[in-house]
*Asks:* 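Following this message is one structure expressed as structure tokens.
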Amino acid sequence: MIEIFNIEFQNPVFIASGVFGFGLKYKNVTRSVGALFTKGITLLPRMGNPPPRIYETPCGIINSVGLENPGVKEFCRSILPRIKKINSRIFVNVAGFTVEEYAQIVEEIGDRVTGFELNISCPNVKEGGVLFGQNPKMAAEIVRVVRKRTRCPIIVKLTANFCDPLKVGRACIDAGADGLSLINTLYGLVFDIKAKKPLITGGLSGPAIRPFALYCVHRLRELKVPVIGIGGIMTGRDAYEFLLAGAKAVAIGTAVLRDPYAPLRIIEELDTLLKGGK
Ligand SMILES: Cc1cc2nc3c(=O)[nH]c(=O)nc-3n(C[C@H](O)[C@H](O)[C@H](O)COP(=O)(O)O)c2cc1C
């Protein structure tokens, strides 16, 4: 049992956004983890990107899913009631293209969930498509506006792509965020050498990014706020390293795509380590 934001979680192993949908398929796994970060929700429905959407790379994958989701209205109508029945801790991952979109999504969902994880790795369409998360001022503005619309915990999911997550994280905490999660995927590209053009451009995840993710989490220690460590965690030992680096909990991403039951194994392995075993 751990406590973050004055809320109890049965263990520190969470599931990262985008790899487990809304947790409705493997309910026993959703019920066993500390919390689930849902797939990203936008204001309007999105079809996502054309294939290929996932490509295997050395020690990782590149994904270009493109935030496929039913939009917040449909989420509230048909998915939220089913998630609530599972009775687990759920953070809705929120994605927007303007500051106001983030606020509208949070307001629509209200206090029906454990909290929100703001995915700020989205382009600000009003600022020429710069990622919100690459700019401390833009990231903080989202938090300020969302803070006024909810009393639930707000976690900001930081990017480490061409920016310093410590600077952006500090700005978000100063603006009223309760915690931070990191890292989101890193930029990645694979070439089709026959066609001599990119085969896939997208987000790199998996063990390839783990040491960098760990470094970023460690870097955030000085903020002294709850941090959820994410990036290439495949085993309890990996998770333990993130806790040693200062994370309060971890979230499992790519490992779940390979094995939906991986979180159950990681919970056991981590528990053994925390009790002093090997
Ligand atoms: C297929 C896929 C979809 C993802 N979708 C989202 C998303 O909707 N919102 C988000 O904040 N992160 C999303 N992520 C990023 C993950 O939550 C996680 O931060 C990242 O993959 C690093 O963790 P990992 O190496 O354990 O996968 C996605 C990752 C993958 C692989």
Side-chain angles (χ1 to χ4, degrees), residues 13-23 33 35-43 45-49 51-72 75 79 90-97 102 105 115-123 131-133 139 142 154-161 165 179-188 200 202-217 227-236 238-239 241-242 247 249-260 262-263 266:
V13 178
F14 299 179
I15 296 181
S17 172
V19 294
F20 215 55
F22 300 105
V33 291
L36 167 77
F37 292 107
T38 70
K39 151 203 268 292
I41 296 291
T42 50
L43 190 60
R46 284 175 61 90
M47 298 275 284
N49 292 334
R53 285 180 162 196
I54 292 200
Y55 194 88
E56 198 158 345
T57 61
C59 293
I61 58 168
I62 291 184
N63 91 81
S64 159
V65 173
L67 286 174
E68 180 189 346
N69 80 95
V72 69
F75 170 75
I79 298 166
I90 305 288
F91 288 88
V92 174
N93 181 278
V94 179
F97 300 97
Y102 283 94
I105 296 165
F116 296 95
E117 182 186 52
L118 307 181
N119 174 7
I120 57 170
S121 303
C122 298
L131 297 196
F132 285 103
I142 297 178
I154 298 174
I155 298 173
V156 178
K157 171 115 172 236
L158 298 173
T159 172
N161 275 326
L180 303 166
S181 59
L182 76 164
I183 58 174
N184 210 322
T185 52
L186 297 178
Y187 292 138
I200 186 167
L204 176 67
S205 63
I209 71 169
R210 189 170 59 238
F212 180 63
L214 197 58
Y215 176 87
C216 293
V217 166
V227 166
I228 318 298
I230 315 172
I233 297 170
M234 311 302 276
T235 65
D238 300 339
E241 273 195 85
F242 276 84
V250 297
I252 317 297
T254 303
V256 181
L257 296 178
R258 191 179 288 169
D259 171 15
I266 293 171

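Atoms within a ligand are numbered from 1 in the order they appear, just like the ligands themselves. The chain is numbered in sequence order, starting from 1. Just so you know, these numbers come straight off a predicted model, no measurement behind them. Basis for what follows: all heavy atoms, side chains included, without hydrogens, waters or symmetry-related copies.
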*Asks:* Could you list the atoms of ligand 1 found under 4.0 angstrom from a heavy atom of Ile209?
*Replies:*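 Answer for ligand 1: 22 (C), 25 (O).
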*Asks:* Could you tell me whether Ser17 and ligand 1 have an N or O pair separated by under 3.5 Å?
*Replies:*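 Yes: some nitrogen or oxygen of Ser17 is under 3.5 Å from one in ligand 1.
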*Asks:* In terms of atom number and element, which parts of ligand 1 are under 4.0 angstrom from non-hydrogen atoms of Ala16?
*Replies:*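 Listed by number with element, the hits are 17 (O).
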*Asks:* Roughly how far apart are Lys157 NZ and Ile228 CD1, rounded to 0.5 Å?
*Replies:*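 Interatomic distance, Lys157 NZ to Ile228 CD1, rounded to 0.5 Å: 11.0 Å.
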*Asks:* Do the side chain of Asn93 and the main chain of Asn119 share a donor and acceptor less than 3.5 angstrom apart?
*Replies:*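 Checking the backbone N and O of Asn119 against the side chain of Asn93, no donor-acceptor pair under 3.5 Å is found.
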*Asks:* Output yes when a side-chain donor or acceptor of Lys39 lies under 3.5 Å from a complementary backbone atom of Glu68, and no otherwise.
*Replies:* yes
*Asks:* Quick check: does any side chain N or O of Asn161 sit under 3.5 Å from a backbone N or O of Thr185, one acting as donor and the other as acceptor?
*Replies:*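 Yes; judged by distance alone, with no hydrogens or angles, the pair exists.
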*Asks:* Where is the nearest protein heavy atom to atom 24 (P) of ligand 1: which residue, which atom, and how far?
*Replies:*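 Here the closest protein heavy atom is Gly232 N, 3.4 Å.
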*Asks:* For atom 15 (C) of ligand 1, which of Leu158, Asn184, Leu257 has the closest heavy atom?
*Replies:*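 Checking each option, the heavy atom nearest atom 15 (C) of ligand 1 is found in Asn184.
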*Asks:* In this structure, is the centre-to-centre distance between the rings of Phe116 and Tyr102 below 6.0 Å?
*Replies:*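 No.
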*Asks:* Please indicate whether any nitrogen or oxygen in Thr185 is less than 3.5 Å from any nitrogen or oxygen in ligand 1.
*Replies:* no
*Asks:* Measure the distance from atom 21 (O) of ligand 1 to every protein heavy atom, then report the residue, atom name and distance (to 0.1 Å) of the closest one.
*Replies:* Ser205 CB, 3.3 Å
*Asks:* Counting heavy atoms only, which of Ile228, Asn63, Val65, Ile233 comes nearest to atom 30 (C) of ligand 1?
*Replies:*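 Going through Ile228, Asn63, Val65, Ile233 one by one, Asn63 has the nearest heavy atom to atom 30 (C) of ligand 1.
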*Asks:* Taking distance alone, with N or O pairs closer than 3.5 Å, would you say Ala251 contacts ligand 1?
*Replies:* no
*Asks:* Does any N or O in the side chain of Thr38 come within less than 3.5 Å of the main-chain N or O of Phe22, such that one atom is a donor and the other an acceptor?
*Replies:* no
*Asks:* Ignoring angles and geometry beyond distance, decide whether Ile183 reaches within less than 3.5 Å of ligand 1 through its nitrogen or oxygen atoms.
*Replies:*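 For ligand 1, there is an N or O atom that lies under 3.5 Å from one belonging to Ile183.
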*Asks:* Number the atoms of ligand 1 from 1 as they appear, then name those within less than 4.0 Å of a heavy atom of Lys157, with their elements.
*Replies:*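 Near Lys157, the atoms of ligand 1 are 10 (C), 11 (O), 12 (N), 15 (C), 16 (C), 17 (O), 18 (C), 19 (O).
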*Asks:* With a sphere of 6.0 Å drawn around CZ of Phe97, does it hold more than 12 non-hydrogen atoms of other residues, nucleotides or ligands?
*Replies:*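 Atom CZ in Phe97 is crowded, with more than 12 foreign heavy atoms closer than 6.0 Å.
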*Asks:* As an exercise, state the distance from CG of Asn184 to CD1 of Ile120, rounded to the nearest 0.5 Å.
*Replies:* 9.5 Å
*Asks:* Answer with yes or no whether the side chains of Glu117 and Ser17 bring together a donor and an acceptor at under 3.5 Å.
*Replies:* no
*Asks:* Answer yes or no: does an N/O atom from Gly253 fall short of 3.5 Å to an N/O atom of ligand 1?
*Replies:* yes
*Asks:* Suppose I only count heavy atoms of Asn119 and a 4.0 Å limit; which atoms of ligand 1 are within that range?
*Replies:*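 Once the distances to Asn119 are compared, the set is 9 (N), 10 (C), 11 (O).
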*Asks:* Suppose I only count heavy atoms of Leu67 and a 4.0 Å limit; which atoms of ligand 1 are within that range?
*Replies:*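 Every atom of ligand 1 under 4.0 Å from some heavy atom of Leu67: 8 (O).
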*Asks:* My understanding is that only one of Leu158, Leu214, Ile209 makes a side-chain contact (heavy atoms from CB on, under 4.5 Å) with Ile183; could you say which?
*Replies:*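 Among Leu158, Leu214, Ile209, the one meeting side-chain contact (heavy atoms from CB on, under 4.5 Å) with Ile183 is Ile209.
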*Asks:* Ignoring hydrogens, just give me the one of Gly203, Gly231, Gly18 whose non-hydrogen atom is nearest atom 3 (C) of ligand 1.
*Replies:*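 Answer by nearest heavy atom: Gly18.
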*Asks:* More than 12 heavy atoms of other residues, nucleotides or ligands under 6.0 Å from OH of Tyr215: is that the case?
*Replies:*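 It does not: Tyr215 OH has 12 such atoms or fewer within range.
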*Asks:* Looking at Gly40, which atoms of ligand 1 are within less than 4.0 Å of one of its heavy atoms?
*Replies:* 8 (O)
*Asks:* Which residue, Ile142, Leu118, Leu180, forms the side-chain contact (heavy atoms from CB on, under 4.5 Å) with Ile154?
*Replies:* Leu118
*Asks:* Output yes when the distance from some N or O of ligand 1 to some N or O of Asn93 is under 3.5 Å, and no in every other case.
*Replies:* yes
*Asks:* Is there a nitrogen or oxygen of Thr254 sitting under 3.5 Å from a nitrogen or oxygen of ligand 1?
*Replies:* yes
*Asks:* Go through ligand 1 atom by atom and flag the ones less than 4.0 Å from a non-hydrogen atom of Ile230.
*Replies:*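 Result: 18 (C), 19 (O), 22 (C), 23 (O).
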